[in-house]
Amino acid sequence: MIEMQDVWKAYPNGTQALRGISVHIQKGDFVYVVGPSGAGKSTFIKLMYREVRPTSGHIFVNGFNIERLKDRKIPLLRRSIGVIFQDFKLLPKMTAAENVAFALEVLGLSHRQIRRRVEDVLEQVGLGDKANMLPTQLSGGEQQRVAIARSLANNPSVIIADEPTGNLDPDTSWGIVRLFQRINDLGTTIVMATHNRDIVNSMRRRVIAVENGTIVRDEQRGLYGYDE
């Protein structure tokens with residue numbers, strides 16, 4: 001599903017973001033990626049959907065060889081995964097339904113097929129009655145649910161989330177994480193970078209801890225830190 005073999009990443013400014021990372025994430029896993037700011041979490045996440053290239057090493061995601069992937073084939077990779085960001089990245093002049101539909105239009109589906117799929121995923125995230133609202137008419141939690149619906153539109157086998165609750169209040173954050181839990185229960189692999197200690201410690205899923213560009217801990221039913 002996702003495999004990294006001795007992956008290194010250095011940026012042009014000399015920053016060594018990752019140092020010899022090796023990890024295997026199986027189908028159906030729910031993985032939290034934790035660590036302090038600047039530890040390399042974001043680079044770890046971005047490599048999976050080819051936002052950045054590794055300096056050396058091998059990465060495979062859903063059968064794609066990331067370091068050898070040609071730019072013209074990046075869209076094919078990204079159709080097999082869903083990516084969710086802290087700042088939602090919704091198109092402000094489009095409704096919730098239109099934001100989700102936009103992700104499907106490149107697939108050549110009919111208008112009827114797109115409409116049905118949009119209705120299905122908005123219902124799945126609890127927003128079936130808010131399909132025609134603009135992002136500004138939705139709460140932060142609802143906007144993130146639209147972003148999750150958009151990521152689900154292509155039936156991805158993997159969802160990669162980079163601090164998806166970072167801009168949300170605690171109660172809303174729990175609602176989003178429970179939604180991810182339901183998605184994972186249906187078989188979708190979830191990889192989530194987060195600073196939310198309470199959620200990680202309560203959910204007790206696999207935890208990969210990154211510090212100074214290396215994996216310092218990888219454990220099932222893990223905690224955010226060592227001292228808990």
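- Under the 4.5 Å side-chain heavy-atom criterion for grouping Ile, Leu, Val, Met, Phe, Trp and Tyr, Ile208 is not connected to Tyr32 through any hydrophobic cluster.
- Counting heavy atoms from C-beta outward, Leu76 and Phe64 have side chains that approach closer than 4.5 Å.
- With hydrophobic clusters built from ILVMFWY side chains whose heavy atoms lie under 4.5 angstrom apart, Tyr49 does not share a cluster with Phe30.
- Rounding to the nearest 0.5 Å gives a distance of 15.0 Å between CG of Leu90 and NZ of Lys93.
- The shortest heavy-atom contact between Thr43 and Ala17 is OG1-CB, 3.6 Å.
- Under a 3.5 Å cut-off, the side chain of Arg19 and the backbone N or O of Gly213 do not form any donor-acceptor pair.
- The shortest distance between side-chain heavy atoms of Val125 and Leu152 falls below 4.5 Å.
- Going from atom CG of Asp218 over to atom CD of Gln220 covers 7.0 Å, rounded to the nearest 0.5 Å.
- For the residue pair Arg78 / Asn154, no side-chain donor-acceptor distance below 3.5 Å is found, with atom types taken as modelled.
- The two residues Ile84 and Pro164 have their closest heavy-atom pair at CG2-CB, 4.2 Å.
- A donor-acceptor pair shorter than 3.5 Å cannot be found between the side chains of Arg182 and Gln124.
- At a threshold of 4.5 Å between non-hydrogen side-chain atoms, the residues Ile21 and Lys9 do not count as touching.
- Rounded to the nearest 0.5 Å, atoms CZ (Arg79) and CG (Leu104) are 11.0 Å apart.
- Contact check for Leu91 versus Glu98: no side-chain heavy atoms found under the 4.5 Å cut-off.
- With hydrogens and angles disregarded, a donor-acceptor distance shorter than 3.5 Å links the side chain of Asn62 to the backbone of Ser80.
- Rounding to the nearest 0.5 Å gives a distance of 10.5 Å between CZ of Arg117 and CG of Leu107.
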Item to check | Test side-chain contact (heavy atoms from CB on, under 4.5 Å) applied to Asp71 and Arg50, step by step | outcome: CA-CA 9 Å; Asp71 289 348; Arg50 240 308 296 278; 3.0 Å; yes

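- Between Phe60 and His58, the ring planes lie parallel to each other; the angle is under 30°, not in the 30° to 60° tilted range.
- One hydrophobic cluster holds both Ile215 and Ile2 under the rule that ILVMFWY side chains link at heavy-atom gaps under 4.5 Å.
- The main-chain N or O of Glu142 is found under 3.5 Å from a side-chain atom of Ser139 such that the two form a donor-acceptor pair.
- Between the side chain of Gln144 and the backbone N or O of Phe85, at least one donor-acceptor pair lies under 3.5 Å.
- Between the side chain of Ser22 and the main chain of Asp6, a donor-acceptor pair closer than 3.5 Å is present.
- Not one N or O on the side chain of Thr188 forms a donor-acceptor pair closer than 3.5 Å with the backbone of Asn184.
- The pair Arg205-Asp29 does not meet the salt-bridge criterion, since no charged nitrogen lies less than 4.0 angstrom from a carboxylate oxygen.
- Between Arg150 and Ala103, the shortest heavy-atom contact is CG-CB, 3.8 Å.
- Summarising the geometry, atom CD1 belonging to Ile114 is positioned 5.5 Å from atom CG belonging to Leu109; distances are rounded to the nearest 0.5 Å.
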Next on the checklist: Run Val33 and Val191 through side-chain contact (heavy atoms from CB on, under 4.5 Å) and show every step you take.
Outcome noted: CA-CA 7 Å; Val33 182; Val191 181; 3.9 Å; yes

Next on the checklist: Set out, in order, the CA-CA distance, both residues' side-chain angles and the distance that settles side-chain contact (heavy atoms from CB on, under 4.5 Å) for Ile66 and Arg53, then state yes or no.
Outcome noted: CA-CA 7 Å; Ile66 296 298; Arg53 287 179 179 270; over 6 Å; no

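- Taking CD of Gln86 as the reference point, atom CG of Leu168 lies at 8.5 Å (rounded to 0.5 Å).
- Side chain of Arg217 to main chain of Tyr224: a donor-acceptor pair is present (N/O by atom type, distance under 3.5 Å, no hydrogens or angles).
- Around CG of Asn212, the count of heavy atoms belonging to other residues, nucleotides or ligands within 6.0 Å does not exceed 12.
- Across Leu179, Leu186, Asp185, a single residue satisfies side chain to side chain contact (heavy atoms under 4.5 Å, CB included) together with Ile183, and that is Leu179.
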Next on the checklist: Could you walk me through whether His24 and Glu3 satisfy the side-chain contact (heavy atoms from CB on, under 4.5 Å) test, starting with their C-alpha distance in whole Å, then the side-chain angles of each, then the deciding distance to 0.1 Å, before giving a yes or no?
Outcome noted: CA-CA 5 Å; His24 181 74; Glu3 186 167 2; 3.9 Å; yes

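- No continuous path of ILVMFWY side-chain contacts below 4.5 Å connects Val146 to Ile81, so the two sit in separate hydrophobic clusters.
- The two residues Pro135 and Pro92 make their nearest non-hydrogen contact at CD-O, 3.6 Å.
- Both Ile199 and Ile159 are members of a single hydrophobic cluster when ILVMFWY side chains are connected at heavy-atom separations under 4.5 Å.
- Judged by distance alone, the side chain of Glu163 and the main-chain N or O of His195 form a donor-acceptor pair under 3.5 Å.
- The only option from Val52, Thr214, Leu47 that meets the side chain to side chain contact (heavy atoms under 4.5 Å, CB included) definition with Leu18 turns out to be Leu47.
- Here the shortest heavy-atom pairing between Ile59 and Glu67 reads N-OE1, 3.1 Å.
- No side-chain donor-acceptor contact under 3.5 Å links Lys27 to the backbone of Thr189.
- In this structure, the side chains of Arg221 and Arg204 come closer than 4.5 Å at one or more pairs of heavy atoms.
- Contact record, Phe180 with Ala161: CZ-CB, 4.1 Å, taken as the closest heavy-atom pair.
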Next on the checklist: With salt bridge (Lys or Arg N to Asp or Glu O under 4.0 Å) as the criterion, how do Asp162 and Lys41 come out once you've worked through the C-alpha distance, each side chain's angles and the decisive distance to 0.1 Å?
Outcome noted: CA-CA 9 Å; Asp162 193 359; Lys41 297 191 307 299; over 6 Å; no

